[in-house]
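The shown structure was predicted, so the numbers you read here are calculated from the model rather than taken from an experiment. Ligands are counted one by one from 1 in listed order, and the atoms in each one are counted from 1 as well.
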Amino acid sequence: MNKNFNTDVCIVGGGIVGLSTAYFLSLNKISVIVLDPDSIGSHASGFAFGGLSPLGEAGQVDEIISELSVARLGMSIHTEFAKILPELTGIDIQHRFRPALDLAFSDEEAKEAKDQVKWRASEDGYSVEWLEAKEVLDMVPEISNEINGAVFTKGVADVEPYRLMLALTTACEKMGVNIISTKARGLGFDGHTATSVISDRGDIHCNSVVLAMGPWSLNASKWINQKIPIRPLKGQIIRLKSDKVNLQMSVGWQGNYACTKPDGLLWAGTTEEDVGFDDSPSSFGRDSVLASLTKMINGLESAQLIHHTACLRPLSNDGKIILGEVPDTSNLYIASGTGRKGILLGPGMGKITSDIITGSSHNYDLTPFNLSRF
Ligand SMILES: Cc1cc2nc3c(=O)[nH]c(=O)nc-3n(C[C@H](O)[C@H](O)[C@H](O)COP(=O)(O)OP(=O)(O)OC[C@H]3O[C@@H](n4cnc5c(N)ncnc54)[C@H](O)[C@@H]3O)c2cc1C
């Protein structure tokens, strides 16, 4: 039976972005309802790789540089979460600092990687250097001896995304956040002010609304009469059991990566597939991830495939996040478009969104991220 709910803030979408927003609002004693029809962590926020690399991966400088301030904030919140969430919930989110090696095979890749060392090395809190092939192979003998060299970065980290989502959800619920399993269908307005979220379980009357719908954000375009240009970009990950390969650092090449996680499995990704909302693992994805993995790493002939997942990244038309007030509204906010970096950026976006709603001061210039840029 449908009923009406009342709350200060209603958040549509319970991924890392929506739940991080709920977490920071509830720390400020704001009452929050989160709506999501699906189980917690059942989409990209629960099935990502979990790499936390504010400096980007080699070859991805343009993708990350405009969002570096939000990435720095995300990184520092993850470090706080690593302490607070296990204490609050008893869930080990397996956050750890571990280095990364971004491999270069060709001379061209090596030149591009060396150019990036300059700006990456200037970031506080990280140590970044170019290593020649022999130094890399001395450090990680499993790496292909075809490499030219690699960028070695210390100060980056990873987390287990599904455990993080469980812990964040548990923490939110302990702080009084009401997570309702239902789909939002629209918004009620009084002029430019959103007054309610219309859902399958009833209307949620509220003072502010946050749209954190990930790859489904486009569906809210008709609610706000403005196009939200976000589409799904599928990615696949495999997890292997290997007696021979134990990578205690993340090894990457051209957007692909591999690392042995605390569960003892070698996690490897990924694909970028523009195939709409199909989020099923495919033989194409498996073979493509295996091809990049075996180009980077030797000794996997007898490895066993244990797990294979696929999920959808929310990608905006210009590849950058959309964050802040929805134009021409007074109490409606959007946070999405995190692409390949949502686990890293999500907590920072949640904190900023919470600061805007509570009127707390923050130092982030959100102009480049406003929906009005499209
Ligand atoms: C293979 C892969 C690997 C990745 N690896 C990394 C990584 O190493 N590091 C990193 O930082 N990022 C990584 N990412 C990216 C990251 O996973 C995403 O950017 C992030 O999870 C997006 O979070 P979100 O909360 O915006 O979206 P989602 O997690 O998709 O959550 C959105 C939620 O909104 C809900 N929703 C949609 N419509 C409605 C509605 N009408 N009503 C109510 N709820 C609704 C959905 O059910 C969903 O639960 C990876 C992504 C993929 C695919």
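Take K83 and apply the salt bridge (charged side-chain N to carboxylate O under 4.0 Å, His left out) test, not counting sequence neighbours, and it matches E87.
Remark: side-chain polar atoms of S39 are not paired, donor with acceptor, to backbone N or O of S42 under 3.5 angstrom.
Under the 6.0 Å distance and 45° angle rule, K261 counts as a cation-pi partner of F49.
The aromatic rings of W216 and F277 sit parallel, their planes meeting at an angle under 30°, below the 60° perpendicular limit.
Ring to ring, Y364 and F369 are not that close: their centroids are 6.0 angstrom or more apart.
Inter-residue side-chain proximity for I179 and D36 is flagged as unmet; no heavy-atom pair is nearer than 4.5 Å.
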Starting from the N and O atoms of ligand 1, find every protein N or O within less than 3.5 Å and list the pair with its distance.
unit_1   : atom_1 : unit_2 : atom_2 : d
ligand 1 : 5 (N)  : F49    : N      : 3.1
ligand 1 : 8 (O)  : G50    : N      : 3.1
ligand 1 : 8 (O)  : G51    : N      : 2.8
ligand 1 : 9 (N)  : G51    : O      : 2.9
ligand 1 : 11 (O) : K341   : O      : 3.2
ligand 1 : 11 (O) : I343   : N      : 3.0
ligand 1 : 11 (O) : L344   : N      : 2.8
ligand 1 : 12 (N) : R340   : O      : 2.9
ligand 1 : 12 (N) : G342   : N      : 3.3
ligand 1 : 12 (N) : I343   : N      : 3.3
ligand 1 : 17 (O) : A44    : O      : 3.3
ligand 1 : 19 (O) : T338   : OG1    : 2.8
ligand 1 : 19 (O) : G339   : O      : 2.8
ligand 1 : 19 (O) : G342   : N      : 3.1
ligand 1 : 21 (O) : S45    : N      : 3.2
ligand 1 : 21 (O) : S45    : OG     : 2.9
ligand 1 : 23 (O) : S45    : OG     : 3.2
ligand 1 : 25 (O) : I16    : N      : 3.2
ligand 1 : 25 (O) : V17    : N      : 3.2
ligand 1 : 29 (O) : S45    : N      : 3.2
ligand 1 : 29 (O) : S45    : OG     : 2.5
ligand 1 : 41 (N) : A184   : O      : 3.1
ligand 1 : 42 (N) : A184   : N      : 2.9
ligand 1 : 44 (N) : L35    : O      : 3.4
ligand 1 : 47 (O) : D36    : OD1    : 2.8
ligand 1 : 47 (O) : D36    : OD2    : 3.4
ligand 1 : 49 (O) : D36    : OD1    : 3.4
ligand 1 : 49 (O) : D36    : OD2    : 2.5

